[in-house]
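Note sheet for the following structure.
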Amino acid sequence: MEEKILKGNKNGMSMMLLLFFLYALGIGAIVAGAVMVENKATPFSVALLVLGIIWVSLGWIPFLGLKVLKPQEALVLTLFGNYVGTLKEEGFYYVNPFCTGVNPAARTRLNQSGDVDNGSGKMLEITTNAGGNKEEIVGKKISMKIMTLNNSRQKINDCLGNPIEIGIAVMWRVVDTAKAVFEVDNYKEYLSLQCDSALRNIVRIYPYDVAPGVDTTGDGIADEGSLRGSSEVVAARIRNEIQQKVEEAGLEILEARITYLAYAPEIAAVMLQRQQASAIVDARKMIVEGAVGMVELALDRLNEKNTVELDEERKAAMVSNLLVVLCGNRDAQPVVNSGSLY
């Protein structure tokens, strides 16, 4: 389905003035015909009266062809089931009054910007029957503005099998109204489902955190890609995946961002302990490396200045004591030796 842009119909103001003028002529014809019939009925007076009544009764139909579009709005028109074209530029248009606007997603409400009034003015409510049931009347105009879809959080297993919860925000817009209306049943629901599918396809490739021996790029070489550390790369891959799936629906994905990322509640506590243990090990490693350097420095300085001569056994005892003092969690409790060295 190829999109047809209607550009030669921006004559709404002139047509509206013409229709009002014809309406006034119709009322004048009724009055003049009634006067002429009352004075003397002639075929002309009767025809004038009948034509005036018919026009006043049916003259509201041409007014249905008046269409007003605001910036970044579009209206897809069909005539008796056939696609006529799309009004895309802002302005006051006049089209065939029997043309109808088509927007299958007009009543779809997603967790996204623009779905309060669908970008087409206020929503109305009218009573449709004696029971008081109300029906929404929504505009058939399609918003061409950039929309933000906040998809609901999903629970997905990463490449290591750990369940995580992740949510994304997708910035998108309609670029081909004909495809959006006629190629898919409901382009908003289609986009939401494709976002869920693309998110699952990409997230299952990455671990939550950096893990050894994991290939996230598909080149057969292990790398350090992860959901937590490579969020920009992951978001770009999600965006490309969604774009491939919604191309046929006439949608453009401008950007995708990860808005929420966490372990699932059932393993969050265990993973937190694991992260804490890893942090403690890393901290201890750094403390030990620093302590060994300080011990080496102390021994070198003692040897340089010949402050005291120590055999191998007493060097080992000194190193042990210094490491205990430097690596301990608590302040050292010194023991003063008041006797001889031996």
Side-chain angles (χ1 to χ4, degrees), residues 1-3 72-74 76 86 88 102-116 118-119 141-160 162-208 214-219 223 225-264:
M1 179 66 67
E2 295 183 1
E3 186 182 46
Q72 296 297 322
E73 283 186 348
V76 178
T86 301
K88 249 186 176 181
V102 181
N103 184 7
R107 290 182 172 83
T108 302
R109 297 290 172 259
L110 299 177
N111 184 22
Q112 67 176 10
S113 60
D115 270 343
V116 177
N118 198 37
K141 299 173 185 176
I142 299 175
S143 175
M144 307 293 292
K145 301 175 184 178
I146 297 176
M147 310 274 282
T148 302
L149 171 64
N150 293 316
N151 232 26
S152 58
R153 298 176 185 175
Q154 296 188 66
K155 184 182 292 186
I156 307 173
N157 291 338
D158 65 1
C159 68
L160 301 179
N162 299 320
I164 63 171
E165 290 185 348
I166 185 171
I168 59 172
V170 178
M171 276 61 77
W172 66 280
R173 65 181 175 185
V174 178
V175 293
D176 192 316
T177 56
K179 288 183 178 180
V181 171
F182 299 113
E183 294 294 339
V184 295
D185 183 58
N186 187 317
Y187 63 89
K188 288 185 180 180
E189 293 181 353
Y190 182 79
L191 172 64
S192 180
L193 291 175
Q194 295 303 330
C195 288
D196 293 344
S197 175
L199 184 62
R200 289 184 178 275
N201 290 340
I202 299 301
V203 169
R204 65 181 179 81
I205 301 175
Y206 288 86
Y208 179 87
V214 177
D215 174 25
T216 62
T217 58
D219 57 1
D223 52 70
S226 65
L227 295 174
R228 191 171 65 90
S230 308
S231 58
E232 295 290 337
V233 177
V234 175
R237 294 186 66 174
I238 293 174
R239 182 255 173 206
N240 295 334
E241 180 84 5
I242 299 174
Q243 181 63 63
Q244 293 177 3
K245 294 178 179 295
V246 302
E247 190 76 32
E248 59 188 7
L251 306 180
E252 180 185 7
I253 308 300
L254 302 176
E255 190 178 12
R257 291 291 179 185
I258 297 176
T259 57
Y260 181 83
L261 179 64
Y263 282 112

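Looking only at side-chain heavy atoms (C-beta outward), Q194 and V184 stay at 4.5 Å or farther from each other. Two residues are said to be in side-chain contact when any heavy atoms from C-beta on lie closer than 4.5 Å; V76 and F182 meet this criterion. You'll find the side chain of R173 stays beyond 4.5 Å of the side chain of Q72, heavy atoms only. Here the side chains of E241 and R237 are not in contact, with every heavy-atom distance at 4.5 Å or above. For the pair Q243/E252, a side-chain contact is recorded, criterion being any heavy-atom separation below 4.5 Å from C-beta on. A 4.5 Å side-chain heavy-atom check between V214 and L160 finds at least one atom pair inside the cut-off. Counting only heavy atoms from C-beta outward, the side chains of V246 and Y187 never approach each other to under 4.5 Å. Looking at heavy atoms from C-beta onward, L251 lies in side-chain contact with V174 at the 4.5 angstrom threshold.
Closest heavy-atom contact between E248 and E183: O-CB, 3.5 Å. Of all non-hydrogen atoms in K88 and V175, the two that sit nearest each other are NZ-O, 3.2 Å. Residue N150 comes nearest to A169 through the heavy atom pair OD1-CB, 3.4 Å, listed as atom of the first residue, atom of the second, then distance. What you find for M144 and T177 is that their closest heavy atoms are SD-CG2, 3.9 Å. Residues C159 and I205 share a closest heavy-atom pair of CB-O, 3.6 Å. Here the shortest heavy-atom pairing between I142 and V102 reads CD1-O, 4.3 Å.
Each of I253, V234, V170 was compared with R239 under the side chain to side chain contact (heavy atoms under 4.5 Å, CB included) criterion, and only I253 meets it.
Atom CG of D185 has 12 or fewer neighbouring heavy atoms from other residues, nucleotides or ligands inside a 6.0 Å radius.
With rounding to the nearest 0.5 angstrom, the CG atom of L149 is 5.0 Å from the SG atom of C195. The distance from the CD atom of E189 to the CG atom of N186 is 4.0 Å, given to the nearest 0.5 Å. A distance of 10.0 Å separates OG1 of T148 from CH2 of W172, quoted to the nearest 0.5 Å. Interatomic distance, N103 CG to K188 NZ, rounded to the nearest 0.5 Å: 7.0 Å. Note that CD1 of I146 and CG of L254 are 5.0 Å apart. Values are rounded to the nearest 0.5 Å. To the nearest 0.5 Å, atoms CD1 (I168) and CD1 (I238) are separated by 5.5 Å.
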Working note: N162 + Y208, criterion side-chain contact (heavy atoms from CB on, under 4.5 Å); need CA distance, chi angles, decisive distance, verdict. CA-CA 8 Å; N162 299 320; Y208 179 87; 5.6 Å; no
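Using modelled atom types, no side-chain atom of T216 and backbone atom of Y206 make a donor-acceptor pair closer than 3.5 Å. At distances below 3.5 Å, at least one donor-acceptor pair connects side-chain atoms of S226 with backbone N or O atoms of G229.
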